[in-house]
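Report on one structure; see the data block that follows.
Basis for what follows: all heavy atoms, side chains included, without hydrogens, waters or symmetry-related copies.
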Amino acid sequence: MSSDAKVLTKGIEETSLIEKIKPHIELIAAGLSGILIAAGWLFDKYDYGVEAIIAYLLAFVIGGFAKAKEGIEATYENKELNVEMLMIFAAVGSAIIGYWTEGAVLIFIFAVSGALETYTMNKSHKEISSLMELQPQEALLITNGYEKRVAVSELIVGDHILIKPGERVPSDGVIIKGQTNIDEAAITGESMPVSKREQAEVFAGTVNLTGSITVQINKASTDTLFQKIIQLVQSAQSEKSPSQLFIERFEGTYVKVVLLVVISMFFLPYFLLGWSWHESFYRAMILLVVASPCALVASIMPATLSAISNGAKHGILVKGGVHLENLGHLEAIAFDKTGTLTKGKPEVTEVIVKEGLNKEELILKAASIENQSTHPLAQAIVKYTKQTLKQELLQPDSLEDIPGWGVKASINGEQWKIGKAAFVGNDEADTFAEGKSKELAGLGNTLVFIEIDGVLSAMIAMKDVVREETKHAIEDLKRQNIKTIMLTGDSEKTAHAIAAESHVDEFYAECLPEEKVEQLKQLKQKYKTVAMVGDGINDAPALATASVGIAMGEGTDVALETADIVLMKNDLPKIAEAVRLSQRMNKIIKQNVVFSIAVIMLLICSNFFQLLDLPFGVIGHEGSTILVILNSLRLLKSR
């Protein structure tokens with residue numbers, strides 16, 4: 001290997017080592033500070049005074065550099081003193097009165113608590129890092145039959161790319177050639193591979209498992225579902241909860257009050273209580289240490305970040321601490337029907353055929369006719385037939401679409417009409433199968449009638465069926481004393497049937513988007529904190545109006561952008577899980593705040609009555625800060 005190559009390799013290795021060490025630099029500095037304190041104590045014990053002071057000074061600089069830099073920069077930017085500055089004053093004051101060990105220990109424990117806060121931050125960023133690693137950097141672009149490797153950022157909507165087995169999908173698109181199985185766990189959390197063929201959608205970050213596919217790009221690389229997930233997690237870390245904002249406002253005033261009291265303590269005890277100058281100064285330094293609200297300041301942000309990180313890991317993406325905090329106070333939750341409580345696509349629930357006709361043959365011919373249509377009801381019949389019969393569809397002799405009514409077709413010499421009741425005759429439809437149409441309609445079904453050669457021969461009932469997990473999710477929310485309400489644009493009859501099946505407490509039917517907003521405003525007056533769950537463009541105004549907007553992960557872009565929380569797996573039971581996570585977070589924050597205030601008050605009183613020495617003041621104060629951070633880290637664990 002040439003000398004230039006060796007230098008280059010060495011440089012790359014050094015860069016890699018620095019990148020690995022960088023996230024742990026504060027912890028390493030705290031560790032070195034601790035070692036130097038131990039060395040200073042040993043030097044002091046064996047009467048090496050100068051060496052001991054040098055060791056302590058190095059401990060001050062190495063351990064306190066990060067926090068001192070942070071405090072000085074924040075003071076300069078905000079023109080206001082902060083907790084970090086108080087700790088610098090306390091450590092310097094301890095050294096001035098000869099308590100080098102205590103001042104250094106103060107810096108050491110402060111550095112450890114800072115390292116723990118950074119650890120919490122890094123854990124919350126880990127979800128983004130792991131997601132970013134799943135995003136391919138290159139794609140195989142096909143242009144005029146030629147293949148070329150290009151950066152994913154260069155792809156534009158309409159480009160064709162080839163994705164081979166074992167490769168990750170580089171961008172969102174639609175399969176135009178080939179079929180395969182795709183692992184979508186990165187997006188949906190679903191462990192089973194999904195079979196995909198032509199016209200099926202694929203998403204960036206998922207893995208192509210079995211076959212080669214040609215995909216047409218339908219979204220820019222910056223607009224993919226994958227990128228939206230990353231942006232949601234990033235935005236969650238920048239938005240602060242009301243509790244955090246209150247503490248930050250409180251901190252500035254509190255620091256000024258503490259400094260005024262400390263300055264007063266230099267003089268007042270000497271004149272009023274007969275303390276010596278040394279005792280007054282010593283007690284003022286202890287007060288400076290114990291009155292600093294480090295534990296109080298650290299009570300909220302680590303807990304919030306840990307909870308957001310935990311949620312992201314389980315497919316609950318929260319856009320900020322304020323939304324997660326609000327979720328814990330939820331009193332009512334409103335659901336959109338289509339695509340939220342239900343699957344959003346009609347499915348065949350019952351097929352009734354006139355006596356004497358072959359059901360399988362009739363359904364096969366009906367599906368063959370409906371296969372020519374893109375209407376959701378037609379596609380539901382085709383899907384049902386393919387799943388039930390597993391036979392090749394036939395080709396109709398002729399077909400005529402009658403908009404708003406149905407279709408006419410000729411197949412094997414028979415004249416067919418498929419459509420609504422009025423298309424085949426309302427009276428015949430009402431009396432068909434002993435009037436069962438009314439019963440099925442009452443259960444929320446949409447009915448399609450089939451007439452063959454002028455004779456009403458069959459009726460197909462279809463319904464947007466309730467998701468399997470909906471009932472479990474609703475019951476779980478009820479156990480938490482949260483009122484459940486359904487808002488839908490469907491008819492009263494359909495809404496009543498779906499509400500009964502899904503077990504919601506109340507429902508409001510025939511709601512236009514603006515009426516959903518009005519209903520939410522009324523619910524907020526009644527229940528104060530109300531969430532809205534939806535997936536469509538028409539739900540966006542209601543999502544924005546609610547105290548907490550929750551979007552289904554497979555919903556429209558507008559719903560995803562408007563919502564405060566996104567359920568990536570479309571898994572409704574995750575709502576109750578998110579509520580429990582929020583309640584845990586709020587509980588831990590309260591524990592931290594009460595504990596930190598109690599410790600501060602106890603230490604201040606002990607100092608005033610001259611019961612507390614500086615070493616114990618340092619341990620009590622900084623120990624409480626570490627304890628509240630460790631308590632917050634419990635939220636990283638599932639429960």
side-chain hydrogen bond (donor to acceptor under 3.5 Å, both in side chains) involving [X] - partner list, sequence neighbours excluded:
{"X": "Glu138", "value": "none"}
{"X": "Thr342", "value": "Asp464"}
{"X": "Gln216", "value": "His160"}

Handout entry: Minimum-distance pair of heavy atoms, taken over all atoms of Val517 and Pro541
Key =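 Heavy atoms of Val517 and Pro541 come nearest at CG2-CB, 3.5 Å.
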
Exercise for the section: Heavy atoms only: give me the nearest Ile217-Leu155 pair and the separation to one decimal. Expected result: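 Reported closest heavy-atom pair: CD1-CD1, 4.2 Å.
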
Backbone of [Y] reached by a side-chain donor or acceptor of [X] within 3.5 Å:
{"X": "Ser582", "Y": "Gly328", "result": "yes"}
{"X": "Thr180", "Y": "Gly211", "result": "yes"}
{"X": "Arg467", "Y": "Thr340", "result": "yes"}

Handout entry: Glu515: salt bridge (Lys or Arg N to Asp or Glu O under 4.0 Å) partners, not counting sequence neighbours
Key =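 Partners of Glu515 under the salt bridge (Lys or Arg N to Asp or Glu O under 4.0 Å) test: none.
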
Handout entry: salt bridge (Lys or Arg N to Asp or Glu O under 4.0 Å) involving Lys196 - partner list, sequence neighbours excluded
Key =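 Expected list: Glu184.
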
Problem - Basic-acidic side-chain contact under 4.0 Å: Glu154, Lys148 - result: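 Between Lys148 and Glu154 there is no salt bridge, as every charged N stays at least 4.0 Å from the carboxylate O atoms.
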
Exercise for the section: State plainly whether the residues Glu577 and Lys574 are in salt-bridge range, i.e. N to O under 4.0 Å. Expected result: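 Between Lys574 and Glu577 there is a salt bridge, with a charged N closer than 4.0 Å to a carboxylate O.
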
Problem - Lys386: side chain to side chain contact (heavy atoms under 4.5 Å, CB included) partners, not counting sequence neighbours - result: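 For Lys386, the residues satisfying side chain to side chain contact (heavy atoms under 4.5 Å, CB included) (neighbours in sequence not counted) are Val382, Leu393.
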
Exercise for the section: Please round to the nearest 0.5 Å and tell me the distance separating atom CG of Leu520 and atom CD1 of Ile485. Expected result: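 Going from the CG atom of Leu520 to the CD1 atom of Ile485 covers 8.5 Å.
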
